[in-house]
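What follows is a short report on a single structure.
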2 protein chains.
Amino acid sequence: MNQAMPNVTRNTRQRAEVLALLREVEGFHSAQQLHQMLLARKAGVGLTTVYRTLQLLVDAGEVDSTRLPGGEQLFRRCSQSKHHHHLVCRDCGRTVEVAGPAVERWADQVAAQHGFVDVGHTLEIFGTCAECVR
Amino acid sequence: MNQAMPNVTRNTRQRAEVLALLREVEGFHSAQQLHQMLLARKAGVGLTTVYRTLQLLVDAGEVDSTRLPGGEQLFRRCSQSKHHHHLVCRDCGRTVEVAGPAVERWADQVAAQHGFVDVGHTLEIFGTCAECVR
DNA sequence: CATCTATCGACAACGACTACCAACACCACG
DNA sequence: CGTGGTGTTGGTAGTCGTTGTCGATAGATG
Ligand SMILES: [Zn+2]
Ligand SMILES: [Zn+2]
Ligand SMILES: [Zn+2]
Ligand SMILES: [Zn+2]
């Protein structure tokens, strides 16, 4: 007959391609950009699969995601697994990982002062990097 | 003949309606939500105009905007016109306006250290407010 | 190999948002 | 008050990122 247990993650060629690309790429990129790169290297991966794989990786904590002011979602494989934030170039996606212990404390403290619990935060710094200025 | 100076902001009924609504409403709402409210009160304001007016208000610093995790843009008339951030309850949407001069300086300084220019940032603190804990 | 089923992917659909453009209505001026 | 011009409106069509659909495909297990 059969048994119910729809919880197996398969090791497919497409997921390996996406992961390999993310390992070589620097900074944040959109799903569509990554898809274009995969096309360029003749990796056979559909756009839908790119989206799904990225979402899987985000859920698994393997990939960080942020959103452009326009709402577009960007993805990046992060080197650190601990909590940190990003300084991102609006034009080329170059990213610097930054840590601000003082900011973390400030955020928690402000929230506590107002009686908030289970506190989290989002913080992104945007700008144009030195390369893109020229 | 004529003179060139396309920089006059007119005082239209539609803009007054949007502003009046924003004055009565509490917390963050999407453009479409606000449009629905305007429909309900029989104010004749098109969706396009709602979007345009909100963008005007954001540019003028009269209204603050943030983005839902899904990317949808939310708007709120803020009591302060100067730069500040928000502490938002995940459950009820209650919002506290907070200011952190130290954070502002830190963000600009970090960006400058890495050669970034034209720098901006986003910062939101999320949590569960005292009311919603009970 | 055989079989089961998670996964793929081309395409359609969706939702937020914007461009278009002819009709409209502020408002400075006469 | 009229009137002219020009900033503004708004229905509609289109853009764009993202997700749903569903038959075809291909991992994994024995
Ligand atoms: Zn750059
Ligand atoms: Zn943090
Ligand atoms: Zn609450
Ligand atoms: Zn700030």
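Residue numbering restarts at 1 for every chain, and letters A, B, ... go by the order of the sequence lines. Owing to the predicted nature of the structure, the values given are computational and were not obtained by experimental measurement.
A:L47 places its CG atom 17 Å from the P atom of D:dT21, with the value rounded to the nearest Å. For B:L68 and D:dT18, the CG to C1' distance is 15 Å, given to the nearest whole Å. B:Q55 places its CD atom 16 Å from the C1' atom of D:dT8, with the value rounded to the nearest Å. In this structure, NE2 of B:H29 is placed 16 Å from P of C:dA16, rounded to the nearest angstrom. If you measure from atom CZ of B:R10 to atom C1' of C:dC24, you get 10 Å, rounded to the nearest angstrom. Going from atom CG of A:L54 over to atom P of C:dC8 covers 12 Å, rounded to whole Å. Across the protein-nucleic acid pair, B:R15 atom CZ and D:dG10 atom C1' stand 14 Å apart, rounded to whole Å. Residue B:R13 contributes atom CZ, which lies 15 Å from atom P of D:dT8 at whole-angstrom precision.
As judged by a 4.0 angstrom heavy-atom cut-off over every strand, B:Q73 is placed among residues touching the sugar-phosphate backbone only.
When the nucleotides D:dT8, D:dT19, C:dC8 are ranked by their closest atom to the side chain of A:R52, C:dC8 comes out on top. Distances were taken from every side-chain heavy atom of B:V45 (C-beta onward) to each of D:dT18, D:dG10, C:dC17; the shortest belongs to D:dG10. With C:dC17, D:dT18, D:dT9 as the choices, the nucleotide that has an atom nearest any side-chain atom of A:Y51 turns out to be D:dT18. Distance from the side chain of A:E72 is smallest for D:dT18 among the nucleotides D:dT18, C:dG9, C:dC17.
Residue-to-nucleotide proximity on DNA chain C shows that, of B:T48 and B:N11, the 5′-proximal contact is made by B:T48. Across the interface with DNA chain C, nearest-nucleotide mapping of B:L74 and B:T12 shows B:L74 to be the residue nearer the 5′ end.
When all heavy atoms of B:E26 and B:H29 are compared, the pair lying nearest together is O-NE2, 3.0 Å. Heavy-atom minimum distance, B:A99 versus A:W106: O-CZ2, 3.7 Å.
No donor-acceptor pair under 3.5 Å is formed between the side chain of B:R76 and the backbone N or O of B:T66. With B:R41 contributing its side chain and B:E17 its backbone, the two residues share no donor-acceptor pair below 3.5 Å.
Taking the six-membered ring for Trp and thresholds of 30 and 60 degrees, A:H86 and A:F28 have ring planes more than 60 degrees apart, a perpendicular arrangement.
Under 4.0 angstrom from either OP1 or OP2 of C:dT7 there lies no side-chain N or O belonging to A:T49. Between A:Q14 and the phosphate of C:dG9, there is a side-chain N or O to OP1/OP2 separation shorter than 4.0 Å.
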